[in-house]
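Structure first, then comments.
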Amino acid sequence: MLMDRPRTERTAVVAPPDDDKRWKIIDVTMRRNGYAGHALIETLHAVQSCFGYLEDRSLRYVAMSLQLPLSKVYGVATFYHLFTLKPQGEHTCVICTGTACYIKGSRGLVSAIEARYGVNPGQTTEDNALSVLSARCIGSCGVAPTVVLDGDVLGEQTPDSLIAELQEIV
Amino acid sequence: MNLEDLAEIAEQSVEAEKSQRHCVRVCMAASCQSSGAGAVLEGLRQHAKQDADGGVHVKPVGCMGLCSAGPLVSVDATESKTEVMYKDVKPDDTEELYAGLDGAPLERLRCPTDIPFFACQQRIVLKNSGIIDPENLDDYIAAGGYSSLVRAVTEMTPADVLREVKQSGLRGRGGGGYPAGLKWSTVAMAPEPHKFVICNADEGDPGAFMDRAVLESDPHRVLEGMALAGYAIGAEHAYVYIRAEYPLAVERLKKAIKQATKKGLLGRRISDTTFNFEIEIRLGAGAFVCGEETALMASIQGLRGQPRPRPPYPAEEGLWECPTLINNVETLANIPSILARGGDWFKGIGTETSTGTKVFALAGRIAHSGLIEVPMGIRLREIVEQIGGGIPDGRRFKAVQTGGPSGGCLPEEHLDMSVEYDTLRSAGSIMGSGGMIVMDETSSMVDVARYFMEFCMTESCGKCVPCRAGTVQMHELLDKIAEGRATQADLDLLEELCDVVQATSLCGLGQTAPNPVLSTLRYFRHEYDEKLRPESERLPPLPVVTGDH
Ligand SMILES: Cc1cc2nc3c(=O)[nH]c(=O)nc-3n(C[C@H](O)[C@H](O)[C@H](O)COP(=O)(O)O)c2cc1C
Ligand code: FES
């Protein structure tokens with residue numbers, strides 16, 4: 001279970017895959033953690049927030065930089081639900097399926113989206129315009145049922161109100 | 001910073017408040033923000049700026065509790081004035097609302113503050129929530145913040161701090177209810193030089209948002225509690241493990257750590273003593289099992305969040321094999337008040353074995369959804385019918401679910417039960433972290449049991465067989481029952497599986513996964529029976545599903 005203790009400082013061992021400026025942010029994250037193996041999850045968060053998803057070459061780069069086996073990096077990336085190995089659509093709609101939202105009708109929201117756009121949570125429309133995801137409680141249960149549309153929380157949704165919101169942007 | 005410095009900041013802010021004509025507070029916690037509180041705040045600020053008379057202070061604050069009626073605005077919640085509260089405020093209402101500050105209050109949007117929702121609460125953890133600006137350290141200090149920490153490091157020994165916590169009878173608010181003082185003593189007595197404090201802010205129970213509200217409304221309180229814990233047990237490093245689904249809470253915590261470090265209230269040489277305490281934030285990545293303490297520690301170390309058998313307990317062998325104190329957000333948020341007013345004071349609240357208060361997140365089919373803090377030992381009925389305002393739309397109460405996927409559903413006949421760790425357990429549920437979901441007659445209990453089983457099935461980390469395969473099988477059986485394809489033999493098998501999974505799983509997730517099924521069977525068995533087919537109509541069995549998912 002022991003990886004390395006908190007402060008085993010090292011410096012970079014490999015160069016980024018290309019000269020995309022976003023790698024700088026990834027490098028800063030790793031450097032701040034002394035390129036220690038325990039920084040893996042933090043680093044993957046940085047990759048996902050910069051690139052939108054974890055592509056193969058990012059995983060390779062992180063594995064080499066942190067000197068971890070690629071299998072371990074892949075294992076962690078696939079264990080956690082929040083990490084995605086597939087690119088997301090232009091817009092994302094996260095439907096909360098936590099208990100409060102479930103009791104107040106989040107199933108209806110899922111069916112409405114499926115009926116209108118033909119996608120279920122975890123899928124992206126063919127034209128790449130909309131990715132639908134699900135979350136287990138986003139902590140706004142007081143205004144259930146909730147969705148997160150491109151980062152904005154919308155409360156007290158009905159199938160009609162949600163489709164109306166989506167039609168405005170998609 | 002010493003005690004005099006803190007007192008001076010507090011005094012300045014009292015003076016500043018006196019010179020104001022009005023103080024207008026706008027809830028900027030996540031729920032109200034999602035209903036448009038940001039624009040309301042901006043609107044009110046504009047009016048204040050344009051006001052030739054001046055003297056109106058508009059400030060963003062944390063959760064006021066009544067989330068279902070947001071955005072909420074509170075005017076003059078001070079000792080010398082009478083508070084006027086407004087609900088469902090829209091940006092267009094701000095002009096009228098502002099005009100009402102000196103004249104008659106705007107009755108159209110008025111939210112009475114003497115309703116049981118507010119009147120029946122007793123606030124310790126949420127004392128500052130909705131009152132102070134969570135992004136302003138001075139506001140926290142003015143409310144007495146950090147004085148417990150500064151007094152502890154300058155005037156008390158670690159053993160003194162430990163004694164107060166033990167005396168308070170505080171039990172862990174993360175679900176288990178383990179006595180905090182006992183856990184702290186174990187870590188304090190460990191001889192190893194390196195120790196850690198972890199604040200568990202993973203709040204995975206779907207339908208619970210207490211920890212989120214505390215972190216968004218009063219982040220410094222949690223940091224102060226952590227530093228006091230560090231001082232008592234002899235740790236200099238700490239982590240807050242927080243779920244990434246709470247971006248606002250993460251942002252406010254980061255800001256709070258920076259502010260406190262700058263003022264010398266965290267970091268090196270706190271209050272010019274030899275006590276150092278550094279706090280780092282670690283983000284979760286959407287795995288429920290990471291709320292379990294050993295899985296959480298694996299996750300902090302950059303590994304897959306899989307639990308390991310205990311013992312050794314984290315208090316003996318935790319993060320990087322060092323003794324580690326792990327406590328829930330709410331547990332830690334109680335600590336500054338316990339130190340400020342003494343363990344005996346805290347012990348006087350609540351009941352003999354469950355001291356203090358508990359924060360609950362009230363949601364589901366209930367008139368007033370939101371966040372409440374009530375003394376332990378309160379009747380469940382008081383929470384549902386008075387504070388929560390009962391069931392809307394003229395429907396009938398059916399059950400209240402506590403403890404999330406590890407808990408159970410309590411029916412009407414248990415409404416007069418006193419809310420304590422042990423009474424809830426003996427009724428087949430648990431206190432849990434504080435999620436309370438109310439259901440009316442439209443909810444099918446078999447469906448609810450299936451919902452939680454689906455949750456446990458997808459969240460099982462896959463390490464141990466009973467949980468990985470058992471939850472899949474139980475879910476399959478519940479599916480069959482819910483859809484009317486099952487027979488008595490299926491129900492018998494389900495009950496047997498409940499026993500096996502409960503008895504043989506590795507961690508709390510699997511051990512408690514059968515609870516929602518067991519409690520609904522205990523109180524709502526007729527709903528299961530109604531769904532069963534007679535043996536003569538038995539359908540051919542479905543193909544067996546394996547544990548892969
Ligand atoms: C599956 C599972 C999930 C858990 N999730 C949480 C959680 O989200 N937050 C929390 O504080 N404790 C959670 N716990 C309890 C922790 O393991 C641990 O007991 C707790 O953080 C200790 O803090 P306390 O003594 O202050 O309650 C969970 C336990 C299990 C088995
Ligand atoms: S259950 Fe949906 S926000 Fe909590």
What do you reckon, is [atom1] of [X] surrounded by more than 12 foreign heavy atoms closer than 6.0 Å?
X: F51(A); atom1: CZ; result: yes
X: E126(A); atom1: CD; result: no
X: D19(A); atom1: CG; result: no
X: K86(A); atom1: NZ; result: no

Looking at [options], which one has more heavy-atom pairs under 4.5 Å with chain A than the rest?
options: D447(B), L319(B), L362(B); result: D447(B)
options: G286(B), S31(B), A287(B); result: G286(B)
options: S68(B), S369(B), G305(B); result: G305(B)
options: C461(B), S299(B), S35(B); result: S299(B)
options: Q33(B), M439(B), R243(B), M210(B); result: R243(B)

In Å and rounded to the nearest 0.5 Å, what is the CD1 to CD distance from I41(A) to Q301(B)?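 Taking CD1 in I41(A) and CD in Q301(B), the distance rounds to 10.0 Å.
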Please classify the contact of [X] with chain A as side chain, backbone, both or neither, using a heavy-atom distance under 4.5 Å.
X: L248(B); result: neither
X: T442(B); result: neither
X: E216(B); result: neither
X: A208(B); result: backbone
X: R304(B); result: both
X: C32(B); result: neither
X: V289(B); result: side chain
X: R282(B); result: both
X: L283(B); result: both

Residue among G139(A), G98(A), A100(A) with most heavy-atom pairs under 4.5 Å to chain B: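 The answer is G139(A).
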Kindly give the heavy-atom pair with the smallest separation between [X] and [Y], and that separation in Å.
X: V143(A); Y: S34(B); answer: CG2-OG, 4.0 Å
X: L40(A); Y: G302(B); answer: CD2-O, 3.7 Å
X: F79(A); Y: Q306(B); answer: CE1-CG, 4.0 Å
X: C67(B); Y: G142(A); answer: CB-CA, 4.0 Å
X: S443(B); Y: I103(A); answer: OG-CD1, 4.1 Å
X: A244(B); Y: H45(A); answer: CB-CE1, 3.9 Å

Do E245(B) and V148(A) have side chains that approach each other closer than 4.5 Å (heavy atoms only, starting at C-beta)?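 E245(B) does not reach V148(A) side chain to side chain.
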Are the side chains of F455(B) and R136(A) in contact, using a 4.5 Å heavy-atom criterion? yes
Does any heavy atom of chain B fall under 4.5 Å from the side chain of T146(A), the backbone, both, or neither of them?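 The answer is neither part of T146(A).
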Side chain, backbone, both or neither: which part of Q48(A) has a non-hydrogen atom closer than 4.5 Å to chain B?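 For Q48(A), neither part sits under 4.5 Å from chain B.
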